[in-house]
Amino acid sequence: MGFNRVSISTKIYQTLFRRTSMFTLTIVVGALFFERAFDESTEYIFNRINAGKQYKDLKKQLAQRAAKEE
Amino acid sequence: MATLVSRASKQALLRVHSSIIHQKANLSFKNLSKGKKWAVAAIGTLTAGGVGLAVALNTAVLASDLTLHPPKYPWDHAGMLSTLDRASVRRGYQVYKQVCAACHSLEFMYYRNLVGEIMEEDEAKAEAAEIMVVDGPNDQGLMFERPGKLSDKFPNPYPNDEAARAANNGALPPDLTFIVNARHGGENYLFSILTGYCDPPAGVEVREGLHYNPYFPGGSIAMAQALYNEIIEYDDGTPATTSQLAKDVCTFLRWVAEPEHDTRKRMGLKALMIFSVLLAATYYMKRAKWSSLKTRKIAFKPR
């Protein structure tokens, strides 16, 4: 391995995981992004499976019906 | 399949040469002689058959057991990840309020439970205001009546159980809050009870004041058929056939018994996804930790 040709994984290890301070920071920031992405994707899947059945869909129907009556 | 997965993971994750370990316990079925194997198999078969026969002979067939078992219906919320159909729950509330509430209470339901679940807050307030609630005492020490609020319970049709029995030929209409969980078959049973009324078959006597229903244990139920085509009109214009009414009221009662239903399934999806990742990680870690042990050769060399 050349002196200034470090592989990507080595670079990642040295910047993110080597020192405890950076390791902790990586975990905290990583958790933040992971949770957001995970929640968004599971919500998306769940709403796809249950399209048109949940209260938010019923709420739209109710509003439409109320608008028609006026 | 299992071998494929394990072979793939062996190659992809960690190589473990299990051929090094030779220790083995010689306690298996494989090491018995042929005759002994036959003997063991014969004893096993005879024991299982004997137990089965004894159970079968002990099970009496009673006439009162001839109750129809409800079929399984394809509920909207039957799937592992399927929520309740809120439009149906809302229609079911209409059915409960206009039909069942004449006899059955929903003891643990409050008007505030409706908000954000099947109606908006103003509508729930209007619903609550339709009933009169005894409140007080006021500054003269007198009880008074006022229109209901969101914090009020659903009204009980009878002041107490004795009044309920007296009004129903001695039979108590059970509280419906948890009824779908309290009966085997849940909403399938309820649906069958509500739509299953028919003439009794020849030779079956039904007492005065009872009604024949093949799904009810014993066959005679004190509740008369409650649902008929078009007995109520749905506010969303759905044709109110008997089966539609029954389906909606069952969905409503499922929601009443289990208001956390949708959240539970949403969390279930998340838990399954997280835990499958964690399971893979745990498996990898186990192999990593054990690899040094499994590939080690321990020799005992007495001198």
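All of these numbers come straight from a predicted model, not from anything done at the bench. The chains referred to below are lettered A, B, ... by the order of the sequence lines, with proteins before strands, and numbering in each begins at 1.
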Hey, mind stepping through Q61(A) and D57(A) against side-chain hydrogen bond (donor to acceptor under 3.5 Å, both in side chains) and telling me if it holds? CA-CA 6 Å; Q61(A) 280 179 31; D57(A) 309 307; over 6 Å; no
Region of [X] in contact with chain A, defined by heavy-atom distances below 4.5 Å:
X: E117(B); result: backbone
X: I274(B); result: both
X: D85(B); result: both

Chain A: which of E120(B), R266(B), R86(B), H77(B) shares the most heavy-atom pairs with it under 4.5 Å?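 Ranked by contacts with chain A, first place is R266(B).
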Among the options V89(B), D236(B), L84(B), pick out the one with the most heavy-atom pairs lying under 4.5 Å from chain A.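 Counting heavy-atom pairs under 4.5 Å, the top option is D236(B).
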Over all heavy atoms of both residues, which pair between P155(B) and Y111(B) is shortest? Give the atoms and the distance, please.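 Of all heavy-atom pairs spanning P155(B) and Y111(B), the closest is CD-OH, 3.5 Å.
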Using heavy-atom distances under 4.5 Å, tell me whether D39(A) contacts chain B through its side chain, its backbone, both, or neither.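 For D39(A), backbone and side chain are both near chain B.
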Using a cut-off of under 4.5 Å on heavy-atom pairs, state which of T42(A), N50(A), L58(A) scores highest against chain B.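 It is N50(A).
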Salt-bridge contact D76(B)-R254(B) (side-chain N to carboxylate O under 4.0 Å):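 The answer is no: the pair does not qualify as a salt bridge.
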Charged N-O contact under 4.0 Å between K270(B) and E43(A):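 A salt bridge is present here (some side-chain N lies under 4.0 Å from a carboxylate O).
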Go through D262(B) and K53(A) one step at a time and tell me if the salt bridge (Lys or Arg N to Asp or Glu O under 4.0 Å) criterion holds. CA-CA 11 Å; D262(B) 294 0; K53(A) 285 165 68 185; over 6 Å; no
Mind running ring-ring contact (aromatic ring centres under 6.0 Å, His included) on F154(B) and Y110(B) for me, showing each step along the way? CA-CA 6 Å; F154(B) 279 25; Y110(B) 291 77; 8.6 Å; no
